[in-house]
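First the structure, in the form of structure tokens, and then the observations on it.
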Amino acid sequence: MSKVATRFAPSPTGPLHIGGVRTALFNWLFAKNKGGNFLLRIEDTDKERSKKEFQDQIIQSLKWIGINYDSDEYIQSTKISSHVKIAEELLKKGNAYKCYCSNDEIEEQKKRAKQKKIPYIYDRKWRDKNESEAPKNIKPVIRFKSKIDGKSKLKDLVQGDIEIDNNTIEDFVILRNDGTPTYNLSVTVDDHDMNVTHIIRGDDHKINTFKQMQIYDAMNWDLPVFAHIPLIHTKEGKKLSKRDKDSTLDDYSKIGIMPEALRNYLLRLGWSFKDKEIFNLEESIKYFNLEGIGKSPSKLDLNRILSMNEYYIKNMKEDNLFDQLKDFCENNKEKIPSEKEHQIKKSLVFLKNKAKTLEDIFNNSKYLISNKVNFNIEDLKLIDGTSKKIIAEFSNRIKSISKFNRESLEPLINELIMTNNTNFKGVGQPLRIALTGSKFGPGIYDIIVSLGKDEVIKRLGNKIFV
RNA sequence: GGUCCCUUCGUCUAUCGGUUAGGACACAUGGUUUUCAUCCAUGAAAGAGGGGUUCGAUUCCCCUAGGGACCGCCA
């Protein structure tokens with residue numbers, strides 16, 4: 001058996017959506033599991049809708065989530081001439097024929113079928129007609145001569161055996177009247193040329209597979225193995241499309257979901273391995289198989305994505321986490337000033353405990369990133385006379401503390417609680433608001449220590465607390 | 001409408017004829033705590049319905065219902 005090769009074949013007509021990412025992931029993991037190659041093919045034959053920017057974005061997205069393809073990307077539009085050659089060969093061999101029906105004629109047939117409520121299928125008018133009868137003013141399309149009798153069986157590795165009557169597959173167009181190949185032809189020729197052994201793709205291609213199988217058969221090419229994975233559905237239970245909310249990879253990266261987390265989530269969406277939930281990269285490759293793919297569609301669950309991301313934030317090495325945070329902030333928020341990097345990196349140890357996303361970490365570390373405190377108006381109202389007194393006392397007393405850490409601050413805080421006849425909240429809350437502008441945030445000791453003595457004194461000295 | 005596919009807690013899923021139907025997320029309650037969280041414990045929560053086959057069905061078969069995909073000279 002030849003070396004396993006899988007491929008992911010997106011069309012660059014929009015941003016890569018999450019279902020595509022999962023398809024790519026499954027193909028990639030399958031290939032890596034088998035020690036094979038994973039290839040990327042850009043299906044850009046629709047000139048109207050294909051855009052280079054989407055192609056770049058797809059490649060960028062795959063890179064982001066850590067899926068790397070073997071050898072250069074295969075650009076379908078550069079292979080059109082070989083597709084056409086095959087169409088001509090099929091024509092010569094009698095597996096295809098020229099169809100001179102006009103657009104109007106076809107439309108008319110469709111309309112009539114709709115009225116009669118019978119399924120439309122091209123009536124094979126030119127299948128056996130002599131070309132001498134061809135109208136001069138019409139450029140023909142080339143149609144594949146599909147089987148009419150009998151049944152065809154698809155041995156699908158996910159769906160099992162699927163059998164359909166051949167007469168439900170129409171004589172589909174393989175070459176348009178402008179001479180360009182259509183999807184089913186191009187895909188088949190490319191997959192064959194690329195030596196693809198396993199085609200793992202969305203459920204929505206199942207019927208196409210029956211068309212493509214006939215081309216393989218006519219050309220006497222080895223049939224690859226097919227595996228059609230169930231689609232990802234929206235909350236409403238419909239096929240997820242790029243137009244849906246939270247459907248593209250960017251929707252997740254921009255709120256601070258990390259690639260490891262999204263990869264792990266997508267792996268477990270529609271695939272399982274016993275009760276295991278967390279798979280690092282090595283485990284993903286080691287355990288991935290087609291048997292674990294379920295047959296029913298699954299819905300996206302943002303809570304689960306967030307929870308997965310939270311897990312990775314908490315369990316990731318801080319160096320790595322910081323690098324990701326840095327990139328995230330630069331790309332989506334504001335750049336972390338280089339002089340603050342060390343301080344923030346050190347603070348991750350507590351910042352990460354309160355975060356589900358990189359965005360959360362960013363929000364919780366704003367008090368460190370910015371030199372100016374941005375006060376929440378509502379929270380500021382909580383600062384009363386006693387609060388001001390406590391702030392002043394605290395500020396005064398820390399000036400004499402030489403070692404600025406939790407141990408040295410604790411007695412001081414406790415003393416303030418006693419002398420002001422209050423509880424921890426009575427002291428902690430005003431200090432937190434004064435230092436960060438908000439009553440929510442990291443633990444007060446963490447805030448104070450991470451800011452450092454000078455900065456704390458400076459912030460507590462703000463005129464509004466006098 | 002035709003063809004094909006699917007159906008276990010709200011969600012993702014485990015179970016490959018015998019289980020108190022398990023786990024995870026979300027949810028609820030309680031505990032820890034220094035706000036918000038985290039963390040820990042506990043709880044509620046499922047085999048679409050009906051027939052078979054079988055000593056025994058969530059599991060195998062059939063029907064019904066519900067859902068989905070496809071039905072382009074798009075990919």
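Note: hydrogens, waters and symmetry copies are ignored here, and every other heavy atom, side chains too, is used.
Atom C1' of B/C16 sits at a distance of 25 Å from the matching atom of B/G49, rounded to the whole Å. One P atom belongs to B/A21, the other to B/C27, and the distance between them is 27 Å to the nearest Å. Taking the C1' atom of each, B/G47 and B/G22 are spaced 13 Å apart, rounded to whole Å. Nucleotides B/U54 and B/C61, compared at atom P, are 16 Å apart to the nearest Å. B/G18 and B/U59 are spaced 11 Å apart, taking the P atom of each and rounding to whole Å.
A/T180 comes within 4.0 angstrom of no nucleic acid atom, judged by non-hydrogen atoms across all strands. Within the 4.0 angstrom heavy-atom criterion, only backbone atoms of the sugar-phosphate kind lie near A/N303; the bases stay farther away. Across all strands, A/N103 comes closer than 4.0 Å to base atoms (heavy-atom distances). Looking at heavy-atom distances under 4.0 Å, A/E48 makes no contact with the nucleic acid at all.
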Dump the pairs, protein N or O against N or O of nucleotides 43-48 of chain B, anything under 3.5 Å, distances to one decimal.
none

Legend entry - Under 4.0 Å protein heavy-atom contacts per nucleotide of nucleotides 29-38 of chain B, with B for base, S for backbone only and - for none: -----BBBBS
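When the side-chain nitrogen and oxygen atoms of A/S298 are compared with OP1 and OP2 of B/U13, one or more of them lie within a distance under 4.0 Å.
Cation-pi geometry between A/R41 and A/F8 is not met at under 6.0 angstrom from the ring centre and within 45 degrees of the axis.
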